Structures are given as structure tokens and as C-alpha cells.
Amino acid sequence: MRKFATFEERLSVWTADAMKEVFGLSDSDVNLGVAPTNNDKFGDYQCNAAMVLSKQLKKAPRQIAQEFADAAVLPDFVEKIEIAGPGFINFFLSNKALANHIQSLENDPSQGTEQVGTGKKVIIDYSSPNVAKSMHIGHIRSTVIGNAIDRLYRFLGYEVIADNHLGDWGTQFGLMLVGYREFVNEEALASSPVEELERIYVASYNKSKEDDTWRDFAKAELVKLQQGDAENRALWEKFIELSIGEFDTIYGRLGVKFDLYRGESFYNDRLPKIIQALEAKDLAKESEGALIVDLEEEGMPICIVRKSDGGYNYATTDLATVESRIEEFNPDRIIYVTDERQQLHFKQFFTIAGKLGMEANLVHVWFGLMRLPEATFSTREGNVIKLASMLDEAESRALEMVKSSSPEMPEEQQKDLARAIGIGAIKYTDLSQNPKSLVTFTWEKALNMQGNSGPYLQYAYARISSVYDKWKVKFPGMELSDCSIRIEHEIERKLAIKLSRFPAAVSAAAENYSPNIMADYLYDLAQIYSSFYQNVPFLKADEGVRESRIRLCRSTARTLKQGLELLGIETRERI
Ligand code: ARG
């Protein structure tokens, strides 16, 4: 058993062994699950082994459970077992074991979480905005959700390659090239590059609709770019550089880092080979001048892999990308994070990748769009919400809150705090709901200090941290390590149980690509802590009990901080 094994792991192993012994089963027969209960009436963990084994042992589940309870010698961390309902075996952990466990976790950097990812590699393709266009709300969610998944996987020991698959190639660059030469406003380009590039594109596009010569001109310039013309290439590179520069400012504000910025263009040279491979396997056929893959058998519409004008498609690039990623990194899994509108695209190219024999475990994590009620933003240009203005607004609203709650705080610190709270509020709103559900964003909810929000948890963290500081001041010369954790009160027990389940929340959030599982865990933890704080004395408790409670406090603070960090949300000791 690993050093910081959870109770769930320990119980599973013990139950399987004990079942084998009591009923004389062979190794291969036993595969029994032990799960946490959500009602402490049924103990802390529950096992349904008796039901599972009923057929094989030809006995009623309740009888199996009873025989088991009578014969098994309990391990020292279990206080008692009870039989419930049709034959559930309920485990009640001993307070002593619980206290020891929480205390031992103080020395584990991963807080009991098993490093299941050691030696495994995942590529996470997220954010991936398009060059020369403002990020839309879909990219914001992809950035925030993708980054949380990135952090969760790293925490589990995986080697993660965060890859920003920029949309940096396509027919729009013909219009961009000619438009830039005609319409650019250098000043605007210097101050807000992406906005200016977008304006240029729109102007050029509009002109192409009225002016055939312009359209042909754009096409010719695109062909030149594709053929490697030096001047066009340099200009295209400039568009990319300017866009990345602006995206990076946003990533910096969000605390998001990528290992790779590999745009679609990186895979260009591989596209003809993908077509050849499809043709060689008889997977593609001509249709009205285009080359398509028929996916009727799979119940999907056809997928165009080469257009009638010879250009390649989004799916073709994605296939080439998978091939390249396998060659270079040999990942155990590739995770793509985009909005729901791309589900068909991913299903299609995953299927084709399979047919091409590409050995990769491909996962599409999709999320619903976030709804932004009309009045959400004071600055709203066109119908694209500029992420930067959303972040600005979050920070300025948070600054108002900080100024009124901590007027005496130095201004620099107020601003720093407002940044952490504002950004945290946006991220938490995004992460605290099931990704697949539709989220309606409102400032009231995002910044609600009383409800399930980022700021609520950040404040909770700061309050919990300050308990320790107060203790330090009041009892100088004492060390917490001089007194061990004791669990006597019911609420202490509840808190300890919750703390011991942090690893389960991490794995469930990662395995299900659902950061909301971590958010729920943290919110529950903060609430349990708050009733702990309200129900028992801390600094006024007797010596020993007092230190034990402060230690529980410290574990709670540390878990909250770690959990928020996994969501990409910063904490401050003082609020
Ligand atoms: N650039 C795409 C968009 O803005 C997202 C790319 C997602 N990743 C991928 N490998 N297809 O919609």
C-alpha cells in the first residue's frame, strides 16, 4: 500500500482480502468496490460486495454480509462495521486513524493524491483562437476550462503538453494581405492590433463583395502566400506575431501558460500525405470535384478533406496534426477543448483517424456556450465580447468591493487583491458548473460574497489562514507539531472526512474532465469549515484541543488553496 493511501484504497484492498478469506474465494473472483457514503448514518464508506457475490456464493446478500461481519477481523483504522438494507456493509472509520491520516498528509505535497499519471503523457489542445480575430466567448471558456484540466492532470503526475492550436491558416489571409496594404491605420495597429486587423479584414471582405477585381486580387495574393512569396509571408508572420502578442497579454492576466504554440500552418506540409493515405486505403472519393470521406455507416454526414479548388479543410489539418503529434510525442491521450458546436467535426475526424490506423486516444471535451445577458457589459463592441474588457470590468468591480471592505489597505495591495478576486470570479463562474450546461453570466452571481462564488472561497481561505496567525500571536513559542490532531467533536470528524476525500475530488474532476467536481468539493469544504468554526471554540479551547483545531484549520486552508490553484484561481492570505 502506498504511503498516503486514501481510506477508500485501504478499505478496497482490505475488503477484497477479507472476503477471499472468509468465503474461500480465488483471486480472480474478487472485484469489489468500496465507495464513500454521502450520509454519515451509513458510515463513512460502503461496500456492496454481498450483492455482487450473492449469485456466486448462492446465499442471500444479507446473510453474506452477516457472515462476513461475524468472521472478519477489522483493520485498526475501522471502528466498526454495520449491515444495512439489502446487505450493504457500512464502515465507520476510527477517529484516531482519521486524525493520524490528516496529520500525516501535512507532509505530502500531493495531499494524498496518487500520482497515477507518472510516466504518462497527455497533450491538451485548448484556447486555440484564430489569428487576427478577437477571442470570442467560446475561446474564453476553452482557455479557462482547458487550463483547469491541464492543472489537474499535472497534479496527478502526468506529463502535460499544453498546445495552443492557433487558427493561423486559411483563405481569409488573401483578404487580409490586400486589405492591410490598402486600409491599415498604423497607429491603431500599434495600440490594439487584433481589433485593427479585424477591422481591416471586414473592410476588405466588404470590398470583395462589390468588387470582383479585388476578390481576384486577394485570391492571387493568397496563392503567392501559399507558394512562399517572401513579402506576403513576412506580412502574414506579422499578423501572427501581433495576434499572439495580444493573446499573451490575456493569458498572462489569466495565469495561463502553453508549452507549444503550434498553429494550423505548422502541419501544412503533411496535408497531401494525409490525402494519399486516405486514397491508398480507399477511404476517400471524388464528389462534385471535392474529395470526401463517406461516413454514412457511422451515421454521420460526409466529411470534405479537399475542396474543389484544391484547398484543404479543417478536418484534414486536424488529421495531420494527430499524425504529427503521435510521431513527435507518442502521447497516451490527446484532449481537445472546444465549444459544443464542434462536436460533429471532432467525431468525424476521430473516426477517420481510426480508419487511418492512427493509434491515439482522442478525447473531445466540449462545453456549452456562456450566455451573457445584454446588459452585462458596459463596453460592448459589435457582437463579440472582447475578453480584455470583461477582465477589466471584473477587476474594477472587484476593486470597488475591496475599497469598501478594506479602506485602510495600501492602494497597491488593494489593486493586487482586486486582480485576484476579479479574475477568480470569472474563472469560478465558468468552472463551477457542469461544462456541458449553459451558463448565464451575471456579475451579481460571479461576485456574490455569500454564495457559491470564487470570491466567497477566496475570502474563506483568507479568514481560515488568519486563525493561525492569531494563534501564533497569542501563544508565542508554541509549535503546532507539539500537539497532535485529535478528533472528538462530530463537526471535527465531518471536516476531517471531507479533507481526506480531496484526492477523490481531484481524480473525479480529471477523469470526467469536469473541474466543477473540484469546485463543488471546495464549496462543501468551506461550508463544513464554517460550521466547524461556528460550533466549537478555537483560541479559547483548552491547550492541546486548541492546537489540534488550529492544525485542522491549517489543513483546511492548505486544501482550499491547493484546490483553487487547480482551478487556476489565486488566493491571498489577507483580504
Ligand atoms: N481555432 C479553432 C476555433 O477557433 C479551434 C481549434 C481547436 N483545436 C483543434 N485541434 N481543432 O474554432
Side-chain angles (χ1 to χ4, degrees), residues 122-147 149-150 160-173 176 194 197-198 201 236 239-240 243-244 246-248 250-251 256 258-268 270-271 274 293 300 303-305 311-329 331 333-354 356 358 360-370 382-387 435 513:
V122 289
I123 296 179
I124 312 183
D125 174 324
Y126 69 95
S127 193
S128 308
N130 299 322
V131 161
K133 278 196 190 154
S134 298
M135 284 195 201
H136 60 65
I137 202 82
H139 297 118
I140 303 167
R141 295 209 75 194
S142 170
T143 308
V144 172
I145 296 172
N147 187 247
I149 296 175
D150 174 335
V160 172
I161 301 171
D163 190 1
N164 196 346
H165 188 76
L166 298 163
D168 64 354
W169 201 246
T171 48
Q172 74 273 26
F173 285 101
M176 285 297 305
V194 174
L197 291 174
E198 234 178 336
Y201 175 76
W236 167 74
F239 300 153
I240 297 176
S243 306
I244 292 185
E246 197 170 317
F247 296 151
D248 272 347
I250 288 175
Y251 296 141
V256 169
F258 292 96
D259 300 293
L260 291 178
Y261 280 87
R262 291 258 176 95
E264 294 178 6
S265 65
F266 182 84
Y267 307 97
N268 270 346
R270 290 176 177 268
L271 301 175
I274 294 289
V293 178
M300 282 181 269
C303 178
I304 302 179
V305 288
Y312 301 101
N313 269 34
Y314 189 33
T316 326
T317 311
D318 262 324
L319 289 166
T321 307
V322 175
E323 185 189 65
S324 161
R325 285 172 175 165
I326 294 174
E327 260 176 47
E328 189 176 346
F329 302 109
R333 203 180 306 180
I334 308 179
I335 301 168
Y336 300 81
V337 187
T338 80
D339 72 52
E340 61 189 4
R341 294 170 301 183
Q342 298 200 25
Q343 285 177 83
L344 178 62
H345 163 71
F346 282 97
K347 266 193 207 142
Q348 286 183 317
F349 98 75
F350 286 1
T351 308
I352 301 173
L356 280 173
M358 293 180 183
N361 183 4
L362 306 174
V363 182
H364 182 213
V365 176
W366 58 268
F367 50 82
L369 287 176
M370 194 189 297
N383 43 20
V384 193
I385 301 300
K386 303 269 192 296
L387 179 50
Y513 312 105

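Just so you know, ligand 1 is whichever comes first in the structure, and atom 1 is the first atom listed for that ligand. On a predicted model such as this, the values are computed, not experimentally measured, just so you know. Sequence positions, counted from 1, serve as the residue numbers for this chain.
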Show the atoms of ligand 1 that are less than 4.0 angstrom away from any heavy atom in Thr338.
7 (C)
Between Arg141 and Glu340, does any NZ, NE, NH1 or NH2 come within less than 4.0 Å of an OD or OE carboxylate oxygen?
no
CA sep, side-chain torsions, deciding dist, call: Tyr261, Phe247, ring-ring contact (aromatic ring centres under 6.0 Å, His included)
CA-CA 11 Å; Tyr261 280 87; Phe247 296 151; 8.9 Å; no
For His139, counting its heavy atoms only, list the atoms of ligand 1 lying under 4.0 Å from any of them.
3 (C), 4 (O)
Asp339 and Trp366, any side-chain heavy atoms less than 4.5 Å apart:
no
With a 3.5 Å distance limit and no angle check, can you tell me whether Asn164 reaches the backbone of Ser128 through a side-chain donor-acceptor pair?
yes
Okay, side chain of Thr316, backbone of Val305: is any donor-acceptor separation there less than 3.5 Å?
yes
Looking at His165, which atoms of ligand 1 are within less than 4.0 Å of one of its heavy atoms?
8 (N), 9 (C), 10 (N)
Which ligand 1 atoms does Asp125 reach within 4.0 Å, using its non-hydrogen atoms?
7 (C), 8 (N), 9 (C), 10 (N)
Shortest protein contact, atom 12 (O) of ligand 1 (heavy atom only):
Gln342 NE2, 2.8 Å
Any atoms of ligand 1 less than 4.0 Å from a non-hydrogen atom of Asp318? List them with their elements.
9 (C), 10 (N), 11 (N)
Residue, atom name and distance, where the atom is the protein heavy atom closest to atom 6 (C) of ligand 1
Tyr314 OH, 3.2 Å
